[in-house]
Structure formats: C-alpha cells, structure tokens
Number of protein chains: 2
Amino acid sequence: MPNDHSASPPPARRVTIYDIAKRVGVSPSTASRALHKPGRVSKATEERVKQAAAALGYRANPAARALPTGRTGTIALLVADITNPVSFEIVRGAEREAEKHGYVLVTSEFREDHAKEASRAHSLAPSVDAFVLASSRLDDEAIAKIAALNPVVTINRESPSAFSVLADHEPALRELVRTLAAEGHDRLCYLAGPESSWTDARRWSVIEAAAGERGVEAVRLGPNRPTRKAGSAALEAVRATGASAALAYNDVMAIGLLTAARDARLSVPGDLSITGIDDIFGSDFTAPPLTTIAAPLEDMGTAAVRHVHAALSGEREPGIDTYPTQLVMRGSVGPAPRTKGKK
Amino acid sequence: MPNDHSASPPPARRVTIYDIAKRVGVSPSTASRALHKPGRVSKATEERVKQAAAALGYRANPAARALPTGRTGTIALLVADITNPVSFEIVRGAEREAEKHGYVLVTSEFREDHAKEASRAHSLAPSVDAFVLASSRLDDEAIAKIAALNPVVTINRESPSAFSVLADHEPALRELVRTLAAEGHDRLCYLAGPESSWTDARRWSVIEAAAGERGVEAVRLGPNRPTRKAGSAALEAVRATGASAALAYNDVMAIGLLTAARDARLSVPGDLSITGIDDIFGSDFTAPPLTTIAAPLEDMGTAAVRHVHAALSGEREPGIDTYPTQLVMRGSVGPAPRTKGKK
DNA sequence: CTGTTAGCGCGTTCAT
DNA sequence: ATGAACGCGCTAACAG
C-alpha cells in the first residue's frame, strides 16, 4: 500500500543558491551559472561563488533541479534476481560508472516476473532518466513501451527499441560441445532456463547446432525456473534422458544439479558431466569444481551505464555492444562413462 | 567527473494535474487533494478525478512533489560490499518493504571504505529521505553527522544517533565454542574482520569470553579484509597459532581459508576445524560443508525499512531491534586432532 | 468541500 | 558578464 511520505516536520532548511548569492552580492542566476555553466561568468565571480558555496556547505537540491530540466540524474537498473551472483557483478559495474558520471543508481529486482518487471519500470519511470534492463523477461512490445518513456539499454537481451549489451556465448559453447564430443559424449542434455528468457533461447539454439555438426544428440529439458531447487529437481529427468553430460542454463541450476547428484551418490563426472554458465561465486569450490563459461559482467554493467549516458547526452547510437566470453574447464567434466544407460 | 545531465531534447510532456483538473472541471488543488488526501474531498469528485487520472495515464512527478514537501520518497541503503551474499539478503528484504510503502530504494556499496561511505551518504543526502547503513564502517561521530541530515537506521551496528537492527550472535557463538570445547579443541583462533567493524569487535569479545569460561585458549588474528583472498592468505598464520579450530569473521573468509586448506592438502576437519558466520550462498556446498551461524538477514532488511518509515511518519522510537541467530553445524567441524602441533 | 494565491529551488529566457 | 522575471508540477496556506 503506497504512502504519502508526509508527516514529520521538515528538516532544517538547507542552503540554497539564494544564500550564496546574497553572501557574495550577486543575483541568484549568476550564482547558478557560476556553479554549473563554466565560462558563462567572469573568472573572478565564479571563484567567489564557489568559495561561498563551499563555505556554506551548499548542495544542490536535485528535485528543484529536476523540475525545470526534466532530468532527475538517476538511472534505474532492473535485474531478474538480486540473489543470483550474476546480478551483483552487473550492479557493481553499473554503480561505479553511474557514480563516475554523477548519476544515482536505483536497483530493483523483479524476481523473474515479467509483469512485475513492467509495472516496476512504469512506476519508476517518472523518477528516472533511463533504464538498464538486465536479463529482461519482457517481450519486444513491452520493452518498446518502456522505451517510449525513457531510453533503455538492455543487458543480455536484444531488442529493437533498446541499445543492447550482450555476452557472446557462442564460441565458448561451441568449444564446450566440441570438448564433450571429444570426450566421448554422444548425448547431451540442455537443462533449460526460463521460458521468456532471450538468452535461454540463444543458448539452446547454439548447443543444438553445435551438437548437430558433431553428430551428437542434444535434448532439451525445460523450461525451468533458474534456481538451485529447479536444478536439483531435474536430476531424475536428466538421468532419464540417458545423456552423459548435462549443460545447465546457468551456474545456479548447475550447482543444484551437482549437489543433487552428490546426494544421490552419483559420481561427477564419472557418471555424469555437468556444466553451467556465468562462473559465479561458488562455482570454483563445488565438489568437483564446475566447468562453466565466464562473461565480463562487471564490464557489461559499466558499458550499459556508459551507453545510457551517451543516449542522455544526445548521442544517437542505437545498436549492439558485444563482449567475449571464456570457457572455464574444471573438474565437473570428464570422459563419458563406458557403459551407457541405453546401450 | 560529475556531469550536468543536460543535453538531449526533453521527452514529450507528461500529463499533469492541470490536465486532469481541466478535464474534470475542477481546480488543480482539488485534483491534487482527490489524488493524495483521502477524505478531504467529496466522494463523487474524488471518483471523477481518479477516473480522469487513470484515463489520461497520469503519473505524479516526484520531483515536483518533493519540492514543496521536502520529501523525496526515496531511501538510501548503503552496504559494505554488494558482492558479499550477506548484502543481497538485506537488499532484497529492504527493497520489498520499500516497495510496499511506495518508497524508491537506492542501493550503494562503499567497498569497506569508510571515507567513501561518508562521502556517498553526504552526496546522496539531498536526494533521499533517510538512510539505512548496513555493516557501517563509520564511527559514531560520522554517523551522527549523517543523522543530522536525515534519519538513520543501522544494521549490525549500534550507534547512539540511529535506530539499530541487530543480529544477536552471542548465544550461537557460545554454543559453538562449547561444542568445540566438547570436541577437544583447547586452542581456538579467531580470524578477525575489518578493524572498523562493530560486529567484529562484538564477535571477538564473545568468543574470548566464552572460551575463557570453558578453559579454552583463544587467539585473535587480524584485522583482515573480509575477503576470500584474505581468508586464504591467513592459512599459514592460522596454522602457526597451533589452534585446532579457526573461527572466521564471516563465511567469505572461512571459505577462503577452507579452499586454501584443501589446496594445501590439509584435512578439514581432520587437521583443522573451520567455521564462519552468515550462512551465505555456497557455504552448504563447500567440501566439507561449512559450519556457520545463520541470521535472518532478509527480515532485518525489511525491519530496517519499516523503522525508517516509522521515523519518517513521525514516530519517535529510537532504540534497538534484535534478531536471533542459529548455529548451523556442518561437516567443517570435527574432533580436535590427537597429536597437537605444540604438544 | 473547493477555488485562489503563493511559493518550494533552480534553470532559463530576455534584457541590460 | 550579469540581473529580473518567469515557469517547471505540485502542495499548502487562506479564503470562501
């Protein structure tokens, strides 16, 4: 239930440009210019105004500033799941770049729920100058609607109405499939992610194609919620496919699958090879450590904000910014078992 | 380098209360009241105004609202390290409660740097109504300065000028020390956290006292940065203390220590028992799984925002809100080795 | 219950 | 180079 935020007595009045104008003996507009319009005022008065501002501890009121300009100086970052380590890499990168340019960053998660994502974007719209949508679950139309309100940059999602920052998983995925094939795996199982995930579709299509080229079978299991629980719950189904290797949509699911396999006294990679994507915190100390694909998520978060800034500065440069990924081979992948289940 | 955020043409004009006032045939102030002052307007016109607002797709301009009221409707949450899983539990809880009350939540990390924490708070101050400081590294004086600007609620930090939300680790820590003593450990090593951490000081004093009561030696190693790397780097020093059990400041450090021990071919808990605090993502699937102490961090995040809301609503209720914790025994703790290093 | 009148603090014409 | 005046959208007196 939203609220009015109106009750307690207002805090002590803060210092305004009027205070510094009076102190220096100039008009408020001169003070304003001295503070924010380099060169539009004489060097001398600019200096005096700035000193007075510092002395008085002046801080511009962002709301007052936003009113005439229409610019709030804040950017909204919407992430699917803030507890997924993938998110905070992005958040960290975005936040650093935002601070660098003087933006305030508002981060909000939508818990994989596209309805919530859309409503959150619309309710935030008047408070922000632009959106960064990370791992959006929205369709193109919904993104277009948001883009009509404010500029949008997407991460790991391509969309006609937004600038996109993408990780290119294709080479690493192909290398992974090739490696698995070389290890004797002739039946792969892709443990799919959420239905509305753009990356999920991409990943599967690359795996399917790469497997086909190598003469390896690939089956898809899903969609699934991208959680540990879902990964664990899928163990039986994975085994039922007869696949000797499971490629999970992401590390969180892979870890779920891995721990379920451990609990079931299955050998990894003896009985089943498992891989993930993202190289999150934790994937290097599972038992065995998880083979995965690493993306420069922090850089991508930074890039997203940089593109937002460019867009807000009037630089029209819609398009795609792609980042390379890297296959990280670890202990969870090994040779296919000799005796196959469905021999 | 901060920036002016002023360049591209302003987006299409949004609908204002004037638009809906004109449409309904009332004055703007009536429209304003109908929208936000329940009861101060006739039921009939309130209904008509609301319908018009909906029809026009009206969204209040937060900046315009903030100007006369001095209330921005946003809350700042400052966390030490956003990549520490501890943080996002808090963030998630805080965010949910913030949304429930119609606040926007701004999350910012200060990377364990107290100077950055303070400067961030001061620069955010004009844009927000209140602060939540999670795991603050600030001293009381610095917190008081911030509290002079806006109400402050601290998490895991007691301070005279703020309402505090705390996890009470004492009972669980005592139980842990008791358990270790019963397992034959007669020399414990506390792997300390950051110097300016309030919780670090608390934890050590409880461990020291509990150990003393049990006739167990306790040595303190630190301060250390609360990172995996620092945990790993401390292995040698921990061994050098001759302790048979290491209690780390938090799980992140404990995991660092654990993986270093594994790399050094040490048996855990055979040669060394290891414990952490927080029960973060990952601590249940280390090898062996990590004994730790769990706190209801999400609830604490929620509580912090609830208290912020109370403070902003004029309810003066400074004080402390304490949450219980729970010892989670897992495989990383076992009997002390027979042959002690310094026998 | 409702309309009128003033600002909130700042940027921005338009003058000078 | 600087000042005066206006308006951004909304809330808050103050009438009626």
Side-chain angles (χ1 to χ4, degrees), chain A residues 3-49 53 56-73 125-127 129, chain B residues 3-49 53 56-73 125-127 129:
Chain A
N3 163 289
D4 272 295
H5 312 307
S6 46
S8 65
R13 205 177 72 78
R14 296 216 174 89
V15 355
T16 76
I17 51 170
Y18 289 86
D19 298 321
I20 86 174
K22 192 174 302 175
R23 188 183 220 254
V24 175
V26 296
S27 83
S29 37
T30 302
S32 172
R33 283 188 281 247
L35 260 13
H36 305 294
K37 299 278 177 183
R40 301 261 297 132
V41 106
S42 84
K43 210 65 187 142
T45 64
E46 174 176 337
E47 202 45 50
R48 293 170 55 216
V49 167
L56 262 32
Y58 169 76
R59 333 244 356 150
N61 179 329
R65 223 163 162 204
L67 209 36
T69 60
R71 309 295 288 262
T72 63
S127 320
D129 293 341
Chain B
N3 164 288
D4 272 295
H5 313 306
S6 47
S8 65
R13 204 178 71 80
R14 296 216 176 91
V15 351
T16 75
I17 52 170
Y18 289 87
D19 298 320
I20 88 174
K22 192 174 302 175
R23 188 181 219 255
V24 175
V26 295
S27 85
S29 42
T30 302
S32 172
R33 285 187 281 246
L35 259 14
H36 304 294
K37 299 277 180 184
R40 302 259 296 133
V41 106
S42 83
K43 209 64 190 142
T45 63
E46 175 177 336
E47 201 46 48
R48 292 170 56 215
V49 168
L56 263 33
Y58 169 76
R59 334 253 345 156
N61 179 330
R65 226 167 158 204
L67 208 36
T69 61
R71 310 294 289 264
T72 63
S127 320
D129 293 340

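This structure is a prediction, so every number in the text was calculated from the model and none was measured.
Distance CZ/B:R40 to OG/B:S32: 10.5 Å, rounded to 0.5 Å. Distance check, rounded to the nearest 0.5 Å: CZ of B:R48 to OG of B:S42 gives 8.5 Å. From A:I20, atom CD1 reaches atom OG1 of A:T30 across 10.5 Å, with rounding to the nearest 0.5 Å. For the atom pair A:I17 CD1 and A:L35 CG, the distance stands at 8.0 Å (nearest 0.5 Å). Taking CG of B:D129 as the start and OG1 of B:T69 as the end, the distance is 8.0 Å to the nearest 0.5 Å. Between the OG atom in A:S127 and the CZ atom in B:R59 there is a gap of 9.5 Å [rounded to 0.5 Å].
Rounded to whole Å, atom P of C:dG9 lies 16 Å from atom CZ of B:R71. To the nearest angstrom, P of D:dC10 lies 8 Å from NE2 of B:H36. Regarding B:L35, its CG atom lies at a distance of 9 Å from the P atom of D:dC10, rounded to whole Å. Straight-line distance from the CD atom of A:E47 to the C1' atom of D:dT2: 18 Å, rounded to whole Å. Here D:dG9 presents its P atom at 9 Å from CG of B:D19, a figure rounded to the nearest Å. Per the geometry, NZ belonging to A:K43 stands 12 Å off P belonging to D:dT2, to the nearest Å. Computed from coordinates, the A:I20 CD1 to D:dT2 P distance equals 14 Å when rounded to whole Å. Here the P atom of nucleotide D:dC10 and the NZ atom of B:K37 are 15 Å apart, to the nearest Å.
Contact between the side-chain N/O atoms of A:S32 and the OP1/OP2 oxygens of C:dG11 is found at a separation under 4.0 Å. Contact check, B:T69 against D:dC10: no side-chain N or O comes under 4.0 Å of OP1 or OP2. Residue A:T30 places at least one side-chain N or O closer than 4.0 Å to OP1 or OP2 of D:dG3. A close approach under 4.0 Å does not occur between any side-chain nitrogen or oxygen of B:T45 and OP1 or OP2 of C:dC1.
Listed nucleotides: D:dT2, D:dC10, C:dG11. Nearest to the side chain of B:R65: D:dC10. Residue B:P68 places its side chain closer to D:dG9 than to any other of C:dT2, D:dA12, D:dG9. Of all nucleotides listed (D:dA12, C:dG11, D:dC10), D:dC10 comes nearest to the side chain of B:A60. Closest approach to the B:S27 side chain among C:dC10, C:dG3, D:dC10 is made by C:dG3 (side chain taken as heavy atoms from C-beta onward). The side chain of B:N61 lies closest to D:dG9, out of D:dT2, C:dC10, D:dG9. Closest to the A:L67 side chain, of the nucleotides D:dC8, C:dT2, C:dC10, is D:dC8. When distances are taken from the side chain of A:V26 to each of D:dT11, D:dG9, D:dG3, the shortest belongs to D:dG3. With C:dT2, D:dC10, C:dC10 as the choices, the nucleotide that has an atom nearest any side-chain atom of A:T16 turns out to be C:dC10.
A donor-acceptor contact under 3.5 Å links the side chain of A:Y18 to the base of C:dC10.
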For nucleotides 13-16 of chain D, list the nitrogen or oxygen atoms of the protein found under 3.5 Å from its nitrogen or oxygen atoms, one pair per line.
residue: D:dA13; atom: N6; partner: B:R33; partner atom: NH1; Å: 3.3

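The 5' end of DNA chain C is approached more closely, in terms of each residue's nearest nucleotide, by B:P28 than by the other of B:P28 and B:A64.
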Trace of the side chain to side chain contact (heavy atoms under 4.5 Å, CB included) decision for B:R23 with B:L56
CA-CA 10 Å; B:R23 188 181 219 255; B:L56 263 33; 3.3 Å; yes
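With hydrogens and angles disregarded, no donor-acceptor distance shorter than 3.5 Å links the side chain of B:T72 to the backbone of B:A66.
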